[in-house]
Amino acid sequence: MIVSWNITNKCNMYCDHCYRDAGEKNSGELTTEEGKALIREIAKAGFKIMIFSGGEPLVREDIFELINYASELKLRPVIGTNGTLISHEVAVKLKESGLKAVGISLDSLDRNKHDKFRKYKNAWKDALYGMKNCRDVGLPFQIHTTVMSWNKDEIIDIIDFTVAMGGAAHYPFFLVPTGRGADIAEKSLDRDKYEEILKLIMAKQKEVNIEIKPTCAPQFVRIANELDIETRFAKGCIAGRSYCIISPKGDVQPCAYLNKVAGNVREASFSEIWKYSEIFNELRTYNYGESCGSCKYKNSCGGCRARAAYYNGGDYMAGDSMCIYAKSK
């Protein structure tokens with residue numbers, strides 16, 4: 001089970017697609033002690049992987065303390081970052097704190113395109129230095145790429161680049177129009193191109209010895225099965241079932257892209273929210289509508305619940321219209 005805590009809304013970038021609309025720090029973000037109480041609850045609820053995200057998590061001064069605390073509680077702490085703040089010294093401190101892996105964003109092999117998308121001069125160069133610094137200290141890293149219409153033809157090359165850089169994995173994140181991402185919804189792939197790119201990505205898994213995990217693209221499980229590709233992932237969308245997020249102010253949501261609040265950790269314990277939330281328990285029924293409800297891959301894919309909500313007036317149990325199986329809709 002995986003949980004992601006967006007530990008701050010503060011960020012040194014202002015990316016076009018940011019689901020959190022990050023930039024300035026929010027007032028009322030969880031304190032260090034509240035964060036530690038949350039981490040204890042996360043361990044109590046049976047979660048294994050603890051993602052520290054943001055905003056940009058490395059701007060928070062207590063990040064090393066929080067990572068160390070999660071590690072002491074036998075969680076597997078990892079971090080999602082834009083990579084620009086990972087100096088050699090920071091990489092050493094992250095490893096010493098007990099961090100197990102780093103996810104670094106890279107959306108193009110063209111530095112100018114990446115910098116423009118991230119609204120940050122030298123974002124590309126500094127991200128690569130961050131990768132190198134992780135590699136040099138023996139801290140595993142993976143590359144995260146948001147897949148859109150303008151960079152779709154680079155994805156396979158970015159996988160090869162990940163291998164060349166010594167990365168452990170590549171996670172392509174398919175754009176979900178939420179937060180600032182709603183302003184660039186037209187850059188999402190159509191369902192035919194979505195299916196085509198997913199097939200190319202999964203076929204690439206046969207050629208490389210790193211892990212490839214399409215995210216916000218649960219149909220990859222079906223495609224892997226169709227192409228006879230081995231993957232350790234048996235479930236597509238895990239929102240509310242074995243994954244959730246906590247916002248900087250303590251709101252618990254099924255996923256980063258599904259803006260439905262299941263509860264707040266200042267008002268109820270995380271373990272209680274996880275167990276009893278109406279939203280989570282509805283997601284666990286698999287009672288989907290439309291094409292997802294009648295699909296034979298319902299239990300292994302599940303459709304993207306966040307994308308279903310966006311295109312169906314907030315109904316997160318609706319069919320995922322991005323799927324090729326919904327083409328008749």
Side-chain angles (χ1 to χ4, degrees), residues 1-6 19-20 38 41-51 53 173-179 181-182 185 188 191 194 213-222 233-326 328-329:
M1 301 213 307
I2 307 170
V3 64
S4 178
W5 175 24
N6 297 153
Y19 64 83
R20 184 57 64 196
L38 171 61
E41 280 288 313
I42 286 169
K44 177 181 176 181
F47 284 78
K48 302 301 181 185
I49 299 176
M50 173 90 195
I51 304 172
S53 185
F173 284 71
F174 284 72
L175 178 67
V176 179
T178 188
S188 298
R191 60 165 66 100
Y194 174 78
K213 166 61 166 64
T215 305
C216 302
Q219 290 80 10
F220 87 91
V221 176
R222 164 179 60 81
F233 303 100
K235 180 68 180 173
C237 182
I238 58 175
R241 286 183 289 271
S242 57
Y243 171 77
C244 69
I245 76 154
I246 301 101
S247 79
K249 292 185 176 182
D251 286 335
V252 182
Q253 300 173 211
C255 85
Y257 308 97
L258 181 52
N259 192 23
K260 300 287 184 180
V261 178
N264 187 283
V265 299
R266 284 178 169 143
E267 299 169 359
S269 70
F270 172 81
S271 57
E272 289 176 340
I273 295 170
W274 176 250
K275 186 174 182 179
Y276 298 113
S277 161
E278 180 179 340
I279 294 172
F280 289 160
N281 282 306
E282 185 176 18
L283 285 165
R284 293 163 190 166
T285 67
Y286 295 86
N287 292 331
Y288 307 132
E290 302 167 311
S291 55
C292 286
S294 59
C295 183
K296 65 180 180 179
Y297 295 103
K298 177 173 72 172
N299 293 333
S300 60
C301 170
C304 176
R305 295 299 95 213
R307 197 173 282 115
Y310 178 80
Y311 290 106
N312 292 278
D315 182 3
Y316 52 83
M317 297 300 286
D320 180 359
S321 57
M322 179 66 77
C323 181
I324 198 74
Y325 278 41
S328 60
K329 180 180 175 183

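Nothing here was measured: the structure is a model prediction, and the numbers come from that model.
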What closest approach, in Å, do [X] and [Y] show between heavy atoms, and which atom pair accounts for it?
X: V176; Y: A306; result: CG1-CB, 4.0 Å
X: A256; Y: Y243; result: N-OH, 4.4 Å
X: S242; Y: F47; result: O-CE2, 4.3 Å
X: G240; Y: F280; result: CA-CD2, 3.7 Å
X: S269; Y: E41; result: CB-OE1, 3.3 Å
X: C255; Y: A239; result: CB-CB, 3.9 Å

Report the C-alpha separation of C323 and R222 in whole Å, then their side-chain angles, then the decisive distance to 0.1 Å, and conclude whether the side-chain contact (heavy atoms from CB on, under 4.5 Å) test is met.
CA-CA 11 Å; C323 181; R222 164 179 60 81; 4.2 Å; yes
Mind checking whether [X] and [Y] have side chains closer than 4.5 Å, heavy atoms only?
X: S188; Y: R307; result: no
X: Y310; Y: T178; result: no
X: I324; Y: Q219; result: no
X: P218; Y: C301; result: yes

At what distance, to the nearest 0.5 angstrom, does [atom1] of [X] lie from [atom2] of [Y]?
X: Y297; Y: Y325; atom1: OH; atom2: OH; answer: 4.5 Å
X: L38; Y: S271; atom1: CG; atom2: OG; answer: 10.5 Å
X: D320; Y: C295; atom1: CG; atom2: SG; answer: 10.5 Å
X: K235; Y: N299; atom1: NZ; atom2: CG; answer: 6.0 Å
X: S247; Y: N6; atom1: OG; atom2: CG; answer: 7.0 Å

Who pairs with Y257 by ring-ring contact (aromatic ring centres under 6.0 Å, His included), at least two apart in sequence or on another chain?
Y19
Residues at least two apart in sequence or cross-chain that pass salt bridge (charged side-chain N to carboxylate O under 4.0 Å, His left out) with R266, listed by chain then number, are E34
Do [X] and [Y] form a cation-pi contact, if we require the NZ or CZ to be under 6.0 Å from the six-membered ring centre and within 45 degrees of the ring's axis?
X: R305; Y: Y288; value: yes
X: K260; Y: Y316; value: no
X: R284; Y: W274; value: yes

Pair I42-F270, side-chain contact (heavy atoms from CB on, under 4.5 Å): steps then yes or no
CA-CA 7 Å; I42 286 169; F270 172 81; 3.9 Å; yes
Among all residues two or more places apart in sequence or in another chain, which pass the side chain to side chain donor-acceptor pair (under 3.5 Å) test with N259?
none
In this structure, are over 12 heavy atoms from other groups packed under 6.0 Å from Y286 atom OH?
yes
Heavy-atom count check: over 12 atoms from other residues, nucleotides or ligands less than 6.0 Å from K44 NZ?
no
Would a distance-only check, ignoring hydrogens and angles, find a side-chain to backbone donor-acceptor pair under 3.5 Å from Q253 to L258?
yes
Any donor-acceptor pair under 3.5 Å linking the side chain of R191 with the backbone of S321?
yes
With V3, which of I245, I51, I246 fulfils side-chain contact (heavy atoms from CB on, under 4.5 Å)?
I246
Checking side-chain contact (heavy atoms from CB on, under 4.5 Å) for the pair F174/M322: CA distance, chi angles, key distance, verdict?
CA-CA 11 Å; F174 284 72; M322 179 66 77; over 6 Å; no
